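Quick note: numbers below take in every heavy atom, side chains included, and nothing from hydrogens, waters or symmetry partners. Remember, predicted model here, so these are calculated numbers, not experimental data.
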Amino acid sequence: MKKFLKITAAIVILLLICYFGFFKLRQIRASNISIPASANAVLKINVDGLYKTLALSYVKHPDQYSGLDKKGIKEKIDGLNTGLKIPANIYIYTLKGKAKTTLFSSFEIADTSAFNQFISKNDFLKLTKIDAGFFESKDSTLCILFNKTTVALAFSPGKEKVKSALKEILNQKNTVKIGDSKFNDLVGLSDHVSFQNAENLSKINFTDGKINFSNEFINKLIDPAPQPQHRVLNTESTICMWLNGKFKTDLTKKNQTANPSFLSKYNFLRFYKDYVDFEWANTIKQADTVIGYEYNEDFERVEKKIIQEKKIPSISINMSANNRELSNYLKSSNALDQSTGKISRTIFPLYQLHFKSNDGNIQFSTLQNAKFDLKRESSDDFFYLKVDFNKLTQQVPMPIIANNLKAFSKLEVRAKSIGKDQIKLESELLFSNKEINSLIELVKISRGGLNGSLNLSSSLDISIKR
């Protein structure tokens, strides 16, 4: 028995070594993929990483992926045969001299006949042969150029002329290995999707019930506070946000040429100092006076005031500002009733806002007696945003919006300074269903639109259980 267990263990270890060795070899080969030397932005899709994550999710929660149509499955898989060799990592890039929205990539052809059949007979591609080895979509946004071993493709929403660029990619002219390029940082990343250009390094990962996104970028907008602080907001809020930093001088001056209005960016930058927060705590009732008309005993049409009560968000906006200057501006603009502290409904018709000010701070709130609490606590982050979708769908009175958001649970976004003019932003999007991979859940959410444009359901029908 012991001998049998030892042999079994040895076989399992050997299989694991072969398994990880296979994927390691694919990663090494992927790092030798060449891209044009003129590439100025690269998007990397970690195919093997996504495959392993999805496979593990399927093993852990097979009931969430039930409904695979087994009838004619061989024919459906054959229909998806592109004839291309899919590498461990797919690199998509933009080129210097081309529009930022024009994307290029290339693939090795594993089966020439299968590839020819795929581009000529697949309905959702709808490609037209222009020249030998050159195909173009009907709307000219997708172009494909290929020879016996390689295919180069371009997607251009602006319908740019891309044939000459595709020829250079196909002929490996002026190219460099991705590992030897200025984008070599991408090679060692294990994230599912990563992106790099001169100013950004972004990463996305799809796990069960969650999407994680991070972005390190050069900051041209704001100077974060050296030691960020924020007001203590309610952790049970539907939505809350704070920002502690100053907008850069050039941006402020640039916007001062705008035509001023109460709700304009001009006025925000004019009065804002270095802090603002927003909080939607819950839902409250607010009484509105509506002018109606009725007929008296003499059949004369007379005005009648009717009080209507409706549910509205309990919203508070607190900002550090030149409160005296802002108060004077609101009064001179007839936007503020000084005796009641109410903002004119002609200025902000959605809800009745109340205004308060005190020693360099102001507050707008739908609550008449909202607390004007200026106490702050320290934080590593100069920006924070949280959205509780479960509460939002219950409090938003529009069913269409609520139905579109019910798949999501919570969103959190944080930003911190990591050096001079550099910011790191991190976000986490949680889904209501925590047992299915978030990428599959996104596909499910957008499935109607995808089916309409790509006709994926005719190739492979997967029903996903919520």
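- No more than 12 heavy-atom neighbours from other residues, nucleotides or ligands sit within 6.0 angstrom of CD on Q227.
- Screening L405, T238, I239 against V387 for a side-chain contact (heavy atoms from CB on, under 4.5 Å) leaves a single residue, I239.
- Aromatic rings of F104 and F155 (six-membered ring for Trp) have centroids beyond the 6.0 Å cut-off, not under it.
- Checking E412 against Y384 by side-chain atom types alone, a donor-acceptor pair falls below 3.5 Å.
- E279 and W242 share no side-chain donor-acceptor pair at under 3.5 Å.
- Using a distance-only test at 3.5 Å, with no hydrogens or angles considered, no donor-acceptor pair links the side chain of Y58 to the main chain of H61.
- The local environment of NZ in K161 is sparse, with at most 12 non-hydrogen atoms from other residues, nucleotides or ligands closer than 6.0 Å.
- Between K391 and E236, at least one side-chain N (NZ, or NE/NH1/NH2) sits under 4.0 Å from a carboxylate O, which counts as a salt bridge.
- Side-chain polar atoms of N197 and N200 form a donor-acceptor pair below 3.5 angstrom.
- Within the 4.5 Å cutoff, the side chain of I315 has heavy atoms near those of the F278 side chain.
- Between the side chains of T53 and H192, at least one donor-acceptor pair of N or O atoms lies under 3.5 Å.
- By the 6.0 Å contact criterion, NZ on K100 is open, its count of non-hydrogen atoms from other residues, nucleotides or ligands being 12 or less.
- Of the possible polar contacts, none joining the D191 side chain to the S194 backbone as a donor-acceptor pair under 3.5 Å is found.
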